[in-house]
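Naming convention: chains lettered A, B, ... in sequence-line order (proteins, then strands); numbering from 1 in each chain.
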Amino acid sequence: MKINEVILQSIAKLVVFIILTLALYLFFSGHNAPGGGFIAGLVLASAIILLFLAFDMETVLKGIPLDFKMIAALGVFLAVSTGVGSILFDVPFLTHTIVAYDLPLLGMIELSTVTLFEAGVALTVVGVVITIILTISEDV
Amino acid sequence: METLIIILAGILVTVSTYLMLSKNLIRIILGMSLLTHASHLLLMAMGGFKGNVPIIGDQAGEFIDALPQALILTSIVISFGVTSFILVLAYRNYETFKIDNLDKLWGIKDE
Amino acid sequence: MITVSYAIFFPFIVAALIPILYKRLSKLHIGWIVMTVPALLFIYLARYIPHITNGKTVTNTVYWIPSYDLNLTTHLDGLSLIFGLIITGIGTLVVLYSIYYLSKEESLKHFYIYLLLFMGGMLGVVFVDHMMLFYLFWEVTSISSFLLIAFWYQRKGSRYGAKKALLITISGGLAMLIGFLMIHASTGTFSIREVIVNVGIFREHQLFIPAMIMILLGAFTKSAQFPFHIWLPSAMEAPTPISAYLHSATMVKAGIYLVARFSPIFGGDLVWFWLVSGIGLLTLLWGAFCAIRQTDLKALLAYSTVSQLGLIMSLFGVGSISFNQELISAALYTQAIFAGLFHLINHSTFKGALFMVVGIVDYQLGTRDIRRLGGLMSFMPISFTVALIGSFSMAGLPPFNGFLSKEMFFTAMLKISELDLFSLDTWGILFPVIAWIASVFTFVYSLIIVIKTFLGEQSESLDKPTHEAPKGMLVAPVILALFVVGIFFFPNIVGDYLIYPAMLSIFSSVFAGEHLTHTISAWHGFNTELFMTIGIVILGTVIFLLLRYFKYVYKLFPEKWSFDALFHHGLEGLERISNKITSFYMTGNLKHYLSYIYLSIVIFIGGNLVYRGAFTFNFTDDANIHLFSWFLVAVIIVAAVMLIFVKKRLPAILLNGFIGYSVSMFYVLFRAPDLALTQIVVETASTALFLLCFYFLSEWKQDKKAFPFSIKNLIISVSVGVTVVLVALSVKSEKLFETISTYYENALELAGSRNIVNTILGDFRAFDTMLEVVVLCIAGLGVYSLVKIRKRKGAENLED
Amino acid sequence: MNNIIVLPLVIPILTGILLVFLHRHVKTQRWISIIATILNIVISFIILQKIHVEGILKLDFGGWAAPYGITFVADSFAVLLVLTANFVTALCLIYAMFSIGEKREKLFFYPFVHLLVAGVNGSFLTGDLFNLFVCFEVMLLASYALITHGGTRIQLRESIKYIVINVLSSSLFVIAIAYLYGSIGTLNLAHLSARIAESGQTPLLTAISLLFLIVFSIKSGLLLYQWLPGSYSAPPTAIAALFGALLTKVGVYALFRTFSLLFYHEPAVTHNLIGIMAAITLIGGSIGAIAYKNIRHIVAYNVVIAIGFILIGLAVSTQSAIEGSIYYLIHDMIIKALLFLLAGTMITLTRTSRFDQVSGLIRNYPVLGWLFFIAMLSLTGIPPFSGFIGKILVGYGAVETGHFLLLALGFISSLFVLYSLLRIFMNSFWGETMISEDQEAPLKKGLIIPCLILALATIALGVGAESIATYVSDAANTLLNPDIYIDAVLNK
């Protein structure tokens, strides 16, 4: 292995870590500040793409043994399910609710269905972007 | 400001139309992407720049109406999906027919 | 008691059962079962005769689509009864005949299903009172006729004849349908009887004449009137029982029925009079004239049918004058309609018989070509006799029923020529003259049928028949021939029991019964009519003897100028022109299709702006322009224009990305951070995709003329751009309402979030976002399947 | 709570997603597809009944009242179309199972179909203009995926035109929404309608409405149908049938909705223009239908003719004309699916799409032949098949209002329909049989059964028109009286 590559890969690892943190931040800040599921998803995707660039694709895929198409589908499922949930509770489709738990040690935890919804969005975005990139780059 | 944006959008529409009438698929796709930008700019301008603050608690200046912002966002995402699909389609086309002149492509017979 | 409404369904029900019966009773000729249908119906209808003769009618209704007042209302009166009896009576005989005519090797199942469909349809036509239902059954007859003509669908002639018949009759049917719609629009009802009641209002309506013409188009096409007659000779490709039944006795008379039925509505009007009688006479003349030149016996009979239908039609036209309110002696002219009904019955008998005989000849010798036939009298005496009776009746000679109705026809024509109405004082003389000339021709072709077929010498190329046709096959024509003779001797039975009630049902709105009786008698003394007949016999015989020379006349009417050829070439020409026009604008070139769209934007919207003066403009309300905005705008414009001139792929893609980023700068400028973020990330991703897809592909060919500058495209582009701008500026200047956005300012209270845009996306309009995610997912899967589903050698073949 | 009216959209989405996970299990996919579609048919029927009892149903998503949130509105018009769309989809799916090939089935064919249906149903039901755009996009992307699905050469080539033109129209749609939002300041259809009624339809609004007209005309194939014949000839039969039956109808629906609910104040401009466009469409479709010997083209031009005919109803806009259009719309979805399936079957069996290269098929495939015959009659509008009621009601509306040119064109076009199909029938099915019985390709039952059911449907709809008459008249009534709609959405 060439020295250059080692350096590149080390840097990549670092950058990916930073990007992942950013993605997480963006995801949760969407509530009150710019951000949200979509952007977080795209940022997350770009982190993974960076990994592809730094390492070769196969290594990365070994490390993350996921079928990204399925991730995308899962995301849609999650997003739609939050809506279907409301049907079960007999409130209008896609009515969001906030559940607050007072957990020991962690204090108040707010769990909103919006978050679930946004998570679905983010997952779809990651899944789709990676699927497209992977499909094309495998083909070219 | 609105007038300026509208004229800008108009110019983008003009360029996009010109590109879409060309015989090269990539230029057509570029034209489509310009048209999307133009439509977003129009949405923005139509909403006006005296809208409400996008982030509550933020101060000052001119803002885009919040609802068009949401619409533009949705539209951006959708056009991203469409663009990526048509890009891949174009790629498959070049690969299959090895032609980048559409006028020639339409002339190809099947079977 | 089964009502008439249900009786109509009887043939349809049996038709549905035929496939099963056909399988079960494979040993029996299915025709025997089929024959019971018309026979039973005939008896059923005949039982109504005493009832109807008293001037009573029977009406009942089966509900179908009450919401649109579409119900099967049947009305049994004298007029419909005549037709009903002909349909079922001749129907029985034809089925009987067909049992011998069609061997069991033929596709009998289909034949009888079509026949029963036809029978049901025809009964429907004559019994329903509702115009839409009338149309329904009318089309049933057209379609079953189509199927029957093409019974031997392997033959090209059959297909051609069927196609022609279908196109013409369906077109006429559509015209008639429009006429019915017009009637409904002016009178508010689809019931024929109700229209007759309100006819006074309808006559004042502006749609009166259009509706009349449309309905007449239906009648003329169905009854093969000039110039729509061309389908009837081609329809002779059908098996002979069908020609006898549909194309001479029943279906072609549906048009006559239509005219008779609507006479109380339109009768007495100038247009109606001239159209019906004029077209009728023209058809009479032209049909008879054309019949003489035919060499195929069936074609000859077809033209003769055309001619005879014209005769009946003209009688109904002439008789319609008796509905005219200004006429004092109107009742005199009811005689014409009486004659028409009488001839209608007579024609069904003698023409049916003739067709069946021709069928027998064809069956025995395998040809119907007059030039090859001859001398059959000695082998087929019974057929000969029937042919003789039929022909002479058609020629109008005694002692056959045709003589009686022909004389009455002359009477009517003579009478009308003396009338002083509708400019008949000038043109009226044409009526008897044309009638007489046409009758001479009729005489000639009637002679041709008998003499050329049964007398003289037979061509040597044909095997001589050794014996007469099978007995069963002769039963039906003989019965009909007996009717031909019987009616001559006892005409008033028909007159009193059938025609009089029919006259009542036509004229009940105008006259009392006493004006409608007419006694039919064979002898009226030496009057004009008789001399006309004598003249016909003399001149007709002369022409027949000089036929060889007479045929030179036809050189004046070459085949390629015939209406037949016109129709044929018209269709072909239509296809050719359609192909040319369509290929002209359907180039398959995306560029052209896009220009159509752009042009319609410019024309529709731009046109509307200019024409309606919708353009307004003021920019006093505009927000201030930042210096940075000016710069951004300039940059974007430069980049966009450069995009047009860039000749390489990579810079083009990068320029596009650059424009995207610049646009996102606007979002930054206007404090739309979410938008800006998204736009930047998306732009990055799509530029990456662009590069991924195209960077590795070969570069654009360095052709200097790769993208020639096009003024035409530039004009289109600029006009589209200008249109978009003009509308946008007007909208900006003419805001009609405040936006609903203010509501979302309370996002914090409403949804507990400070980021309004994200709240709209995630909560207020979360549904959009949900679907947007679906769109993305489809795009991803689509890309995947697009790339992965390639045809590889040896792979499973996909259906293309 | 009217959550039930979102189910026609949610069920297909969830099914589609579920089938993505199951894409390797072809048999499971088939069963789930069918069950889900049938479920959807049942649900639409229940909704229809519910509307009949309770009037228009609406559902504000997330509980955000109109006009601020997104609202689904189910009136008889929309739900009748949803019902028909799902019915047709079920049959196309059955056909596809026997014809599309396992390779396509494993590559998300079923998910795409379900998502397409979700988009279609969403477009029918939504009461929000921008959401209509989004639903369109769901439908369109699924259609892009389907039209290219399989990646044969003709598919790759023709789909470019389809996609580029649709992308253009989508952008125009966004621009049109931008204009309308700028002017009226809202997106909810009912709210828009109420506001336009309040301010009056200014010339500028009319100009904007014309942009909508162009956008929907592209989608529905009114006047701007040039993309249609090529695109509909490219994909496999089942997909083409689905497209022919559903996609253009969504555009037609949108035209009816916008020009009866929003822009109905200036019929002298808009509705007359629609009339002119319908007339040109009828002419273009008619001559196109007899111009070629290629069955696929003939069938595609028949789609165009029907669009022109349905739009006569909107141009005329009387109660009976609108009712007629609705009948005809339902009829056309069924019969076009049938026609596409039959034509596709013929082409698969004979391996040629030119009708003059085949003859005598009826001897080998009598059922196919007679089904084609029935389809031909039904398309021509011969009673008692389903085309009849629609035809006379539209015709009646035209007579009432004196639109005789449209009437004539509409009726003459049905002669062209007849002739174009008659040519196929007489040349391909009649004539000397060319294939001997042992040479003939077997006709799978799975292919003919959906056709049979569709043929039965066209007969049933024609004979039993009474059964949907109340729904249709209710639908037309709502279309002609926007206040009913507005009231149901904003004031309930």
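- In this pair, C/F666 and C/F670 present their aromatic rings parallel. The plane angle is below 30°, not in the 30 to 60° band.
- Heavy-atom proximity under 4.5 angstrom to chain B picks out C/N656, C/I659, C/G660, C/V663 from residues 654-664 of chain C.
- B/D65 and C/S741 share a side-chain donor-acceptor pair at under 3.5 Å.
- Neither the backbone nor the side chain of C/F764 comes within less than 4.5 Å of any heavy atom of chain B.
- C/K712 does not touch chain B: none of its heavy atoms, backbone or side chain, sits under 4.5 Å away.
- Here salt bridge (Lys or Arg N to Asp or Glu O under 4.0 Å) pairs that include residues 625-636 of chain C, with residues two or more places apart or in two chains, number zero.
- Atom CE of B/M46 sits about 8.0 Å away from atom NZ of C/K732, to the nearest 0.5 Å.
- Remark: C/D763 engages D/W64 in a side-chain hydrogen bond (donor to acceptor under 3.5 Å, both in side chains) (not counting sequence neighbours).
- The local environment of CZ in C/F631 is sparse, with at most 12 non-hydrogen atoms from other residues, nucleotides or ligands closer than 6.0 Å.
- With a 4.5 angstrom heavy-atom cutoff, C/V724 touches chain B only via side-chain atoms.
- Only the side chain of C/V775 has a heavy atom closer than 4.5 Å to any heavy atom of chain B.
- Neither the backbone nor the side chain of C/T769 comes within contact range of chain B, judged by heavy atoms closer than 4.5 Å.
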Output a table of donor-acceptor pairs, distance under 3.5 Å, between side-chain atoms of residues 632-640 of chain C and any protein atom two or more places apart or on a different chain; print 'none' if there are none.
none

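- Contact annotation for B/A70: both backbone and side-chain heavy atoms come within less than 4.5 Å of a heavy atom of chain C.
- With a threshold of 4.5 angstrom between heavy atoms, B/L19 approaches chain C through side-chain atoms but not through N, CA, C or O.
- Only the side chain of C/L776 comes within contact range of chain B, judged by heavy atoms closer than 4.5 Å.
- For B/L42, the part lying near chain C is the side chain, with the backbone staying farther off; criterion is any non-hydrogen pair under 4.5 Å.
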